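Remember, predicted model here, so these are calculated numbers, not experimental data. Both backbone and side-chain heavy atoms feed into the values below; hydrogens, waters and symmetry mates do not.
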Amino acid sequence: MNKKALLMSLALGTSASALANTSEVLTVDTLNSLNQVHNVAISPNGQSLVYGIRKGQQKGSNHLYLRDIESGAVSQLTSHSASESAVTWDKDGKGIYFLSSRSGTSQLWYLPVGGGEARQVTDFPLAVEGYKLSHDGKKGAFAFTVKPGCADFQCTLDAKAADAAKKHNTRAYDNLMVRHWDEWLDEYNSHIFIADLEQGKVTSKAKDIMVDWDTDFAGMGQVSFNVSGDKLAFSAKIPGVDHAWQTNWDIFEFDLNNDEITNLTVDNKAWDAMPRYSADGKFLAWKAMSTPVYESDKFTLTVKELRSGKVKKVAELWDRSIASFQFDTDNRSVIAVAQDVGQKSIFKINLNFGEVTSLFNDGYAGNVSISADTVYFTRHNLASPADIYSIRKDGYGLKQLTEVNKDILANVTMGDFEQFTFKGWNNEDVHGYWVKPANFKAGETYPIAFLVHGGPQGSFGNMFHYRWNAQLWAAQGYGVVMIDFHGSTGYGQAFTDSITGDWGGKPLEDLQKGMDYIVGKEAWLNRDKACALGASYGGYMMNWIMGNWSDGFNCIVNHAGLFDMKSFYNVTEELWFPEHDFGGPYWKNKESYDKFDPSRFVDNWKMPMLVIQGQLDFRVPYGQSLGAFTTLQRKGIDSRLVMFPDEDHHIRNPDNLKEWYREVFAWMEKYLKQ
């Protein structure tokens, strides 16, 4: 490889070794080695784009790059072994801020993009977990994990030292929740601190604005300074004992002049999130749900006129849920991202008239930045990992700006894919995707991998997934079928809500009708050789299929699937989830839980099942998988249990992921190919 080619490959995030090692079809090793784009941000003048690239699983290879918009030239900005995250442009566009642990703990750094060394901006006694800067750069909001009630950093440090010195090892709780995802909760919480920043000086002091709150705020992605820098909006739950069974996140405004906090959404008992001030100082916007105790309600744009105090919902009749948004440069509209019929799309919403305009609707978009008449974003789909694109605000002029995996995937054949529509429950339109085997040959037939998504309010849409990647099954010679059954997101709120109280009804009918439809339409799919696979609610559906579609498949793969609804309710952490979908606590609505309890139908079980679980999973604790496996073994059904002691609800470790796929493919080959 010549020097010029090597430099270009490095700029695009591709190692020289990867250029020489390609494969014919996608493998788990290749998936783990892919470059991943992050921290995409356009400069204030629109002339430069900064982005990060994480090079597969290589340690010390997560660096930042700078692209000149006019020339397309790319240069590497950082090369330190400590990675960079949370990139923000300085207001004058001459440099960037980022978090890095290059000094030992995560702190804020500044790097001039024109040349020069990075300088440390903060040196706090605790690690910075996130930050947000005021418009003039003179103040910063920082996230730290602290002991509630502590007035300074030293108090938290002393508390941690005292904990470490204890000779006993116990956990004691007076209220829920006691654990979340994969962690037992402790007496520490994530709080927002305010600090003064002076150019050329290192800041080490900051003030906790929520000292006595025994709760976390929602994260720095949910924090915003107003243009004058004297007010800060954030999302959090008020202190209380009901956090495990309610979703009442509120928008709070902190006044830096008098240290007062005001709850702006006290009247809405549902979820309020993502406050954003407009750059002209006239508006504060956020997204709001309207149904309490529900995490999958529609997020509607809500705007407050700061001068009059008037609050209104914008585009309330638009039947899509906003995932993220930001004010456009005119401050009279926002650019929003929302799921839309299998895609994650970009829209422009006019604040005055509520008019919604689609800007981009092909694949999954995210990481949006705006400059003048152009929107910059990342995009991936079922056949390609994420790259950076730009498009004009009129929806024209789409450009691909990076090809960070061009050389890694140069000789990798991906399976063709297509979205389809059929008549499901109640003769309503239901959508799905099929993916052909990577080395598809016309006239041949192929066994089916029938993937069922989790959630249940979720989707297996037009995305490149790093844990359930359809192309990996296509590479093994399977035809992949995925159905967005009733309850899926991106098809309107009524479609999503329809699964409430009906986990095993409409979705199962959609899955059955979708399978019948697609095998009748696509002759290359071999219905006589099919395996169904799912995780979480998808795993629940595997258990439900065992008892209610018991002759449907040659084999089943169940990852972290709910098996016994009573025991699940009593050991999961976010109680609002089952309480919404089943109408309240188990003891009040036993009939609702029992109606769709897979354990009630084990007399019908007969298909061989592979059961997989992470031992640190507190969302669907591993007893659910043990229950299913015990039943299978006692009934004499061919089955296998695979436990990952260091994984939670998801398989994250690359080596574990490789083993996960090895187990899954071996199980499928046993029943579909041997």
Side-chain angles (χ1 to χ4, degrees), residues 422-425 430 432 434 445-454 456 460 473 476-483 485-487 502-535 537-559 561-565 594-612 624-625 627-641 664-674:
F422 64 95
K423 296 298 181 181
W425 174 83
V430 177
W434 56 251
T445 61
Y446 298 88
I448 300 171
F450 192 66
L451 308 187
V452 180
H453 71 69
F460 266 154
W473 277 276
Q476 295 291 314
Y478 296 106
V480 182
V481 177
M482 302 175 287
I483 306 295
F485 46 81
H486 276 78
D502 194 25
W503 271 31
K506 302 179 190 72
L508 179 62
E509 185 173 336
D510 288 345
L511 293 172
Q512 292 172 325
K513 289 183 174 179
M515 176 67 97
D516 288 343
Y517 169 82
I518 202 61
V519 297
K521 187 173 185 296
E522 303 295 332
W524 51 273
L525 290 169
N526 185 351
R527 183 63 181 93
D528 293 329
K529 293 184 177 182
C531 191
L533 311 89
Y537 172 83
Y540 161 91
M541 183 52 69
M542 297 303 103
N543 288 329
W544 187 250
I545 285 173
M546 288 285 288
N548 295 274
W549 192 7
S550 57
D551 58 350
F553 298 92
N554 301 82
C555 61
I556 298 289
V557 177
N558 166 14
H559 178 101
L562 290 71
F563 170 71
D564 183 316
M565 299 308 294
D594 290 350
K595 181 179 180 181
F596 295 112
D597 185 339
S599 67
R600 292 179 57 238
F601 298 90
V602 296
D603 284 347
N604 299 330
W605 284 28
K606 56 186 179 181
M607 293 179 288
M609 178 188 285
L610 171 66
V611 183
I612 314 178
Q624 298 294 304
S625 288
F629 183 65
T630 298
T631 299
L632 291 160
Q633 288 286 298
R634 287 295 286 119
K635 287 179 66 67
I637 299 171
D638 191 19
S639 51
R640 180 173 173 83
L641 174 67
V664 169
F665 292 150
W667 189 255
M668 295 178 67
E669 183 171 354
K670 178 180 179 180
Y671 289 100
L672 301 182
K673 293 184 178 180
Q674 289 183 3

Peer 1: Please round to the nearest 0.5 Å and tell me the distance separating atom CG of Asn543 and atom OG of Ser625.
Peer 2: 8.0 Å

Peer 1: Minimum heavy-atom separation for Gly477 and Tyr446, please, with both atom names.
Peer 2: O-CD2, 3.5 Å

Peer 1: What are the two closest heavy atoms between Lys635 and Trp605, and how far apart are they?
Peer 2: CE-O, 3.5 Å

Peer 1: Hey, what do you get for CD (Gln476) to NZ (Lys673), rounding to the nearest 0.5 Å?
Peer 2: 5.5 Å

Peer 1: Should Met542 and Val452 be marked as a side chain to side chain contact (heavy atoms under 4.5 Å, CB included) after you check the CA-CA gap, both sets of side-chain angles, and the distance that decides it?
Peer 2: CA-CA 8 Å; Met542 297 303 103; Val452 180; 3.6 Å; yes

Peer 1: With sequence neighbours left out, what residues match Ser599 under side chain to side chain donor-acceptor pair (under 3.5 Å)?
Peer 2: Asp597

Peer 1: Working note: Met546 + Leu632, criterion side chain to side chain contact (heavy atoms under 4.5 Å, CB included); need CA distance, chi angles, decisive distance, verdict.
Peer 2: CA-CA 10 Å; Met546 288 285 288; Leu632 291 160; 3.8 Å; yes

Peer 1: Examine distances only and state if a side-chain atom of Trp473 and a backbone atom of Ile448 form a donor-acceptor pair shorter than 3.5 Å.
Peer 2: no

Peer 1: What is the ring orientation for Phe553 with Trp549, classed by angle as parallel under 30°, tilted 30 to 60°, or perpendicular over 60°?
Peer 2: perpendicular

Peer 1: Run Val557 and Ile612 through side chain to side chain contact (heavy atoms under 4.5 Å, CB included) and show every step you take.
Peer 2: CA-CA 8 Å; Val557 177; Ile612 314 178; 4.2 Å; yes

Peer 1: Do you know which two heavy atoms are closest between Phe485 and Pro456, and how far apart they sit?
Peer 2: CE1-O, 4.0 Å

Peer 1: About how many Å separate OG of Ser550 and CG of Asp603, when rounded to the nearest 0.5 Å?
Peer 2: 11.0 Å

Peer 1: Can you find a heavy atom in the side chain of Val664 that is under 4.5 Å from one in the side chain of His559?
Peer 2: no

Peer 1: Below 3.5 Å, can you tabulate the donor-acceptor pairs from side chains in residues 523-533 to any protein atom, sequence neighbours excluded?
Peer 2:
| from | atom 1 | to | atom 2 | distance (Å) |
| --- | --- | --- | --- | --- |
| Trp524 | NE1 | Glu522 | OE1 | 2.9 |
| Asn526 | OD1 | Asp528 | N | 3.0 |
| Arg527 | NH1 | Gly552 | O | 2.9 |
| Arg527 | NH2 | Gly552 | O | 3.0 |

Peer 1: Quick one: closest heavy-atom pair of Asp510 and Trp425, and the distance?
Peer 2: OD1-N, 2.7 Å

Peer 1: Supply the atom-to-atom distance Lys423 NZ to Lys513 NZ, rounded to the nearest 0.5 angstrom.
Peer 2: 11.0 Å

Peer 1: I need the Asn558 CG to Met541 CE distance, nearest 0.5 Å.
Peer 2: 12.0 Å

Peer 1: Exactly one of Trp544, Tyr540, Phe596, Tyr537 should register a side chain to side chain contact (heavy atoms under 4.5 Å, CB included) with Pro507. Which one does?
Peer 2: Tyr537

Peer 1: Would you indicate whether the side-chain heavy atoms of Lys521 and Phe422 approach each other to under 4.5 Å?
Peer 2: no

Peer 1: Run the numbers on Gln624 and Asp564 for side chain to side chain contact (heavy atoms under 4.5 Å, CB included), then give the verdict.
Peer 2: CA-CA 7 Å; Gln624 298 294 304; Asp564 183 316; 4.3 Å; yes

Peer 1: If I take atom NE2 from residue His486 and atom CD1 from residue Ile483, how far apart are they, to the nearest 0.5 angstrom?
Peer 2: 12.5 Å

